[in-house]
Amino acid sequence: MGGALTRRGEHAIMCDGDDVLVDLNRVFGNPNSHRYRLAQANNRFGTVPNAPGNFNNLIDAYRQAGLVVSPGWVTYLTLLGTVDATQGPQNIYDIAQFRYNGLTKGVGMRTMIHDGGRVHVRPGTGLDPDVIDSPCPLPQDKP
């Protein structure tokens with residue numbers, strides 16, 4: 001999630017963004033932490049629409065929540081949001097709704113990645129946190 005190489009019509013994401021995953025899990029994983037409470041107080045994830053270009057709204061929501069969004073992460077979210085005309089905006093919307101709902105409920109959230117496909121979310125079970133599972137590497141754009 002942290003590195004990317006892009007060219008017009010082509011892209012490759014190197015899923016070496018462990019720093020992003022660590023920060024996401026550190027901020028959203030512990031509802032009792034100062035950073036979680038800061039994110040809760042600045043929860044703008046509910047304002048992200050399910051529409052083209054919504055990756056910009058998600059990036060802004062992460063920044064409002066107190067996270068530093070690196071250039072590689074911006075590239076990843078941009079590609080995730082534009083990988084397909086329908087699925088791209090849905091991916092971003094799913095992430096935003098997951099964050100909004102989790103912060104509103106005050107529950108821990110864990111972020112992980114899987115190979116290709118789309119964003120998946122699932123509720124936690126017992127002591128396990130809610131999980132958001134994002135694709136990386138991303139599926140290639142349709143020709």
Side-chain angles (χ1 to χ4, degrees), residues 1-31 33-125 128-143:
M1 285 173 58
L5 171 69
T6 62
R7 252 188 331 212
R8 186 175 180 90
E10 298 178 23
H11 63 266
I13 289 284
M14 299 166 287
C15 293
D16 61 354
D18 289 342
D19 57 328
V20 173
L21 291 175
V22 167
D23 201 34
L24 285 170
N25 289 329
R26 186 174 292 140
V27 171
F28 297 108
N30 180 0
S33 74
H34 170 74
R35 289 185 72 194
Y36 187 99
R37 289 191 302 274
L38 176 67
Q40 263 184 322
N42 295 285
N43 185 358
R44 305 294 183 270
F45 295 101
T47 65
V48 176
N50 189 353
N54 61 352
F55 56 88
N56 289 309
N57 304 90
L58 181 61
I59 291 165
D60 288 341
Y62 274 123
R63 287 182 175 140
Q64 288 291 319
L67 283 94
V68 175
V69 182
S70 68
W73 193 13
V74 168
T75 301
Y76 172 80
L77 291 174
T78 301
L79 293 174
L80 182 65
T82 58
V83 71
D84 178 84
T86 304
Q87 189 59 52
Q90 185 68 51
N91 285 333
I92 299 300
Y93 183 74
D94 289 348
I95 292 170
Q97 288 300 297
F98 176 82
R99 295 288 182 216
Y100 175 78
N101 292 332
L103 288 170
T104 300
K105 293 186 297 184
V107 299
M109 296 170 263
R110 183 168 60 107
T111 303
M112 52 192 294
I113 59 172
H114 66 275
D115 189 13
R118 62 180 181 81
V119 170
H120 302 280
V121 297
R122 61 184 177 269
T125 56
D128 293 332
D130 291 357
V131 174
I132 186 162
D133 195 353
S134 291
C136 199
L138 296 171
Q140 295 299 309
D141 286 331
K142 294 178 183 176

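Values below: all heavy atoms of this structure, side chains included; hydrogens, waters and symmetry mates excluded.
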Is any side-chain heavy atom of [X] less than 4.5 Å from a side-chain heavy atom of [Y]?
X	Y	answer
Asn30	Tyr36	no
Val119	Leu80	yes
His120	Arg118	yes
Trp73	Leu67	yes
Pro135	Ile113	no
Val121	Asp130	no
Met112	Leu21	no
Leu103	Phe28	yes

Q: Give a yes or no on this: more than 12 heavy atoms of other residues, nucleotides or ligands lie within 6.0 Å of atom OH of Tyr93.
A: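 Open: at most 12 neighbouring heavy atoms sit under 6.0 Å from OH of Tyr93.
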Can you name the nearest heavy-atom pair linking [X] to [Y], along with the distance?
X	Y	value
Pro89	Asn54	O-ND2, 3.0 Å
Tyr76	Ser134	OH-CB, 3.2 Å
Pro31	Arg37	O-CG, 4.2 Å
Gln40	Gly106	NE2-CA, 3.6 Å
Leu24	Tyr62	CD2-CE2, 3.7 Å
Ser33	Arg26	OG-O, 4.3 Å

Please report the interatomic distance [atom1]([X]) to [atom2]([Y]), rounded to the nearest 0.5 Å.
X	Y	atom1	atom2	value
Gln90	Ile95	CD	CD1	11.0 Å
Leu38	Asn43	CG	CG	11.0 Å
Ile92	Phe45	CD1	CZ	11.5 Å
Asp133	Phe98	CG	CZ	10.0 Å
Asn25	Thr111	CG	OG1	5.0 Å
Asn56	Leu77	CG	CG	10.0 Å

(Q) Evaluate Asn91 against Gln87 for side-chain hydrogen bond (donor to acceptor under 3.5 Å, both in side chains), listing each step before the verdict. (A) CA-CA 6 Å; Asn91 285 333; Gln87 189 59 52; 2.9 Å; yes
Q. Has the side chain of Asn42 got a donor or acceptor atom that lies under 3.5 Å from a matching backbone atom of Arg44?
A.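 Judged by distance alone, no pair lies under 3.5 Å.
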(Q) Using side-chain contact (heavy atoms from CB on, under 4.5 Å), reason through Leu58 and Arg99 one step at a time and then give a plain yes or no. (A) CA-CA 10 Å; Leu58 181 61; Arg99 295 288 182 216; 5.6 Å; no
Q: In sequence, state the C-alpha distance, the side-chain angles, and the governing distance for Arg35 and Asp23, and then conclude on side-chain contact (heavy atoms from CB on, under 4.5 Å).
A: CA-CA 10 Å; Arg35 289 185 72 194; Asp23 201 34; 2.8 Å; yes
